[in-house]
Amino acid sequence: MAAYRPGVLIGNWNEEACLEQDRLRDFTDRRERGELLIQKINKLQEKLLKKMQLSVSKDGFVHFGDTVMLLNPDSKSSVKNCPGACNRLTLAINLAEISIYSFKSLEAPCGVSAVESVDPVARNTFCILSVDGASASEPIRFGQKFSLGTTGGASDRMLYLASDHKSFIRFAKKSYLQQVFLTDELSYLTCWQAAFLDPQLRLEYEGFPVPANSEMIITHCHTNRSLAVPRNFWTRSYFGQEYEVICHTYLDSHKAEEDKNYWVIVTANPSDEGGIMIDRPIPHPGGIRKNEFCEET
C-alpha cells in the first residue's frame, strides 16, 4: 500500500482547521479582555501585594480612619509546641484559589489568616471605622465599638472583619472553633472593641484612649470572644500555608488571656518612609556616655 505524501489532506482536515482558528480567535479575544488565567494572577498579585502607607500617630493613640496593621507579637508559648511558629504574625486576607477563576477577585464572604510578613501591603492593612458616628480624627477608647475594613487593593468595594457563633455548618476548618471572615455588609457581626491587656486594671482603663503600637485584647462584641491565633493550625491559601485566625479566648491558670490573644495596632514610623513603629529602635534613656563611646571606639 502506497504511503501518503506530506501535502495530502486526510480525515476531517477542514473541520480541524476551522476549530484551530476558532481557538486562536477565542484566545485573542480573552487576552484583549484580560480574562486569561495568567493575567488574572498578575492583576491579583498587583492588588493584594501593593505597598500601602500606614497612618502616623502624632499623639500616640489610635484614631478612627487610621490605616493600620493588626499584629500578633512573638509567641513564647509556641516555642515548645511549635518551634517554627513563634514569629510575629499579621492579620491578612486569605484568598481561596477558586476565586482566581472568577471575574471578581474579592468576593464575600472571604477568609482571613495570619502571615509572617510585617511589610504593609494591601492584604494585611485595615482601616478603623466608626460604628457610632464618631469623627475620623477622634481617638478610639477602650470598650468603644469599631469596625475593621479592608479593600484588598481594590477601590470599588470594602470588606469588613466579622465573626459569628459556631454552628454545625459555620466553624473554623482546622480548629473547629468560632470562625473569622470578611463580609461586605456592616452589621452587629462586624463590631469589635479593644480591652486593656491586664485584666486587673481593665475596668480602670475603660474609656481611656487606645495607645498605638502596644499590646491589647481585641474582642468581638456579639459573641464576647477574643481574636486569636492558635499557631498550631495551618490553612492553605493562594500564597501558601498560613496560620488560622479564630475567635476564642485562651485563659491561663490566673484567668488572664494568653499571648495567643495579644494584638498590636501598628502605625507608621514618621522618621522612616515605609517603616513601622515596632521596628523603630528604642532610644537610650540617658544617651551614650563618654566612657561608653570610648569603649565602643
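The closest side-chain donor-acceptor pair between Asn261 and Thr249, if any, does not fall under 3.5 angstrom. Side-chain contact check for Arg231 and Asn72: at least one donor-acceptor pair (N or O, by modelled atom type) lies under 3.5 Å. Donor-acceptor pairing under 3.5 Å is lacking for the side chains of Glu244 and Ser113. Side-chain N/O atoms of Asp26 and Thr28 include no donor and acceptor closer than 3.5 Å.
For Tyr176, the side-chain contact (heavy atoms from CB on, under 4.5 Å) criterion is met by Phe171, not counting sequence neighbours. Residues forming a side chain to side chain donor-acceptor pair (under 3.5 Å) with Ser163 (at least two apart in sequence, or on another chain): Gln178. Residues satisfying the ring pair (Phe, Tyr, Trp, His ring centres under 6.0 Å) test with Tyr188, not counting sequence neighbours, are His222. Not counting sequence neighbours, Glu215 has no partner by the side chain to side chain donor-acceptor pair (under 3.5 Å) test. Applying the ring pair (Phe, Tyr, Trp, His ring centres under 6.0 Å) criterion to His63, with sequence neighbours excluded, gives no partner residue.
Alongside Ile217, the hydrophobic cluster contains Leu197, Tyr262 (criterion: ILVMFWY side chains under 4.5 Å).
In this structure the side chain of Thr267 never reaches within 4.5 angstrom of the side chain of Ile276, judged on heavy atoms.
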Check your understanding: Does the pair Asp164 and Arg170 meet the rule for a salt bridge (charged side-chain N to carboxylate O under 4.0 Å, His left out), with working shown?
Key -> CA-CA 8 Å; Asp164 199 359; Arg170 184 177 54 251; 3.2 Å; yes
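With a 6.0 Å radius and a threshold of 12 heavy atoms from other residues, nucleotides or ligands, Tyr250 has its OH atom above the threshold. Glu204 CD: more than 12 foreign heavy atoms inside a 6.0 Å radius. Counted within 6.0 Å of CG on Asp132, heavy atoms from surrounding residues, nucleotides or ligands total more than 12; the atom is thus considered enclosed. More than 12 heavy atoms of other residues, nucleotides or ligands shown are found within 6.0 angstrom of CD on Glu15. Heavy atoms of other residues, nucleotides or ligands lying less than 6.0 angstrom from OH of Tyr205 number 12 at most.
A salt bridge does not link Glu46 with Arg123: none of the charged nitrogens is closer than 4.0 Å to a carboxylate oxygen.
Closest non-hydrogen pair, Val210 versus Phe142, comes out as CG2-N, 3.7 Å.
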